[in-house]
2 protein chains.
Amino acid sequence: MDLLQNAITTISPLSTESMDAFHQSWKLWSVKKDHFLLKENTVSDYIYFIEKGVTRIYYYKNGKEITEWIALDGQFFLSITSFFQRIPSHLIIQTIEPSEVLGIHHDDFMKLADKYHDIERLLRKMVTSSLILSQVRMDSIQFESAQQRYERLLQTTPQIVQRVPLTYIASFLGITLETLSRIRSQR
Amino acid sequence: MDLLQNAITTISPLSTESMDAFHQSWKLWSVKKDHFLLKENTVSDYIYFIEKGVTRIYYYKNGKEITEWIALDGQFFLSITSFFQRIPSHLIIQTIEPSEVLGIHHDDFMKLADKYHDIERLLRKMVTSSLILSQVRMDSIQFESAQQRYERLLQTTPQIVQRVPLTYIASFLGITLETLSRIRSQR
DNA sequence: CGTGCACTTGATTGAAGTCAAGCGCTGTGG
DNA sequence: CCACAGCGCTTGACTTCAATCAAGTGCACG
């Protein structure tokens, strides 16, 4: 759990009391490759944190898989709309390596945020950084070429290419597998 | 100020004490058409709320104006990255009608969020809905055709077309003026 | 040993961008 | 009070980036 506690403190430090209460609310799952953490059309009750392993978040759009996010160790991930709006998610969350995954239930998180001001602040900061990330990603999708997006990925998270099949990476970058293949070949 | 108070209560109700303190921290500006609320390369200190009028948020990308957002009466707007990260913004905020604009300073908002738990919660909910909006918009840019994006705009905010020049709308939709013109002609 | 998955390569297509010209208001200076 | 400059928008010709469709290669593992 050290990795999680460390991640939390980096975002927004908690008092000992809050941290204790918060910390205890996380559950741990050790799952194998290709395990489903969230199935289609169910309400996503958890914010997850991946201690070890890789997961991808994807959904079906006109019969095709769209990878929305790939989370490597040390990252939080969730279905934003489902978790916050409490509506069934079209998203599917699946591990793509054997993984150690922590999760906190929506209701527990909200009760704690209500009880402890500093947990509410932590949540706000988590959402804020997610929002900033979302803006950066939108800009990337709108204005960068396929090539530039791939190169940005190589710079920010080079290990992703070693651990995740190209099909998922292509979809995550918003391009087809073929286009990604061509980009990779010409360098 | 009623419109603002109402908007706040809809997002997350505040206690009388919090609402009083919060309410008093907003300043009002009455500005004419084409007034700059935020200039390039300055830190954006305010979250704004438009009581009456229209503003657009834009920036320069390779010498071209990119309209990132258009805010009509009753909406909040801000430079997300600049406000939260306290870094100079490449964004420019300009009114495009004579407008009544309210704003709260970053430091005031943060002090209040620190002091009052329910104001922190309000801020969290504001950021959350902004995040959800950002996700929806990303999906739209990535998967919808120019035509579909225009039609979505017509459905969600039809008044925008009456009040905002097409150049800005095109840019807001992430398409060129020419493409928008062609879309509009064929119906 | 062969079936299928992960990826590559080639040919063709399509949506929207770019460049260029033109039209019709509107407002302002001679 | 007219003329013309410029803005807001339209229309046309051409280009481009990446998608789609279609084969094909090579490796992994059951």
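Keep in mind that this is a model prediction, so the values were computed, not measured. Here is the naming used below: chain letters follow the sequence lines, and residue numbers restart at 1 for every chain.
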Without decimals, in angstroms, what is the distance between B:Gln186 CD and C:dA16 P? 10 Å

Rounded distance in Å - CG (A:Leu180) to C1' (D:dA19): 14 Å

Can you tell me which nucleotide in C:dA16, D:dA18, C:dT9 comes closest to the side chain of A:Arg182? C:dT9

Could you give the NZ-to-P distance, from A:Lys33 to D:dC29, as a whole number of Å? 10 Å

Within the 6.0 Å centroid threshold, strictly below: A:Trp69 and A:Phe77: no

Per atom distances to the A:Ser145 side chain, the nearest of D:dC9, C:dC7, D:dA18 is D:dA18

Between B:Glu144 (CD) and C:dA15 (P), how many Å, whole number? 16 Å

Checking A:Ser171 side chain against A:Thr67 main chain: does a donor-acceptor pair fall under 3.5 Å? yes

Length of the line joining A:Arg149:CZ and D:dA18:P, which is rounded to integer Å: 7 Å

Short side-chain N/O contact to D:dA19 OP1/OP2 from A:Thr179, under 4.0 Å: yes

Taking only the side-chain nitrogens and oxygens of B:Thr176, find out if one of them lies under 4.0 Å from OP1 or OP2 of C:dG17. yes

Check: B:Ser140/B:Glu144 side-chain N/O donor and acceptor closer than 3.5 Å: yes

Can a side chain N or O of B:Lys64 be found less than 4.0 Å away from OP1 or OP2 on C:dG17? no

Check the phosphate of D:dC9 against B:Thr167, side-chain N and O only, distance under 4.0 Å to OP1 or OP2. Yes or no? yes

Atom pair distance, as rounded to whole Å: CG in A:Leu177 and C1' in D:dT20: 13 Å

What's the closest nucleotide to the B:Glu178 side chain, out of C:dG10, C:dA16, C:dT18? C:dT18

From CD of A:Gln147 across to P of D:dT16 the rounded distance in Å is 17 Å

What's the separation between atom CD in B:Glu97 and atom CG in B:Asp73, rounded to the nearest 0.5 Å? 7.0 Å

Send over the distance from A:Leu173 CG to D:dC17 P, rounded to a whole Å. 18 Å

Closest nucleotide among C:dT8, D:dT10, C:dG17 to the B:Arg184 side chain: D:dT10

With a 6.0 Å cut-off on the ring centroids, do B:Tyr46 and B:Trp29 count as close? yes

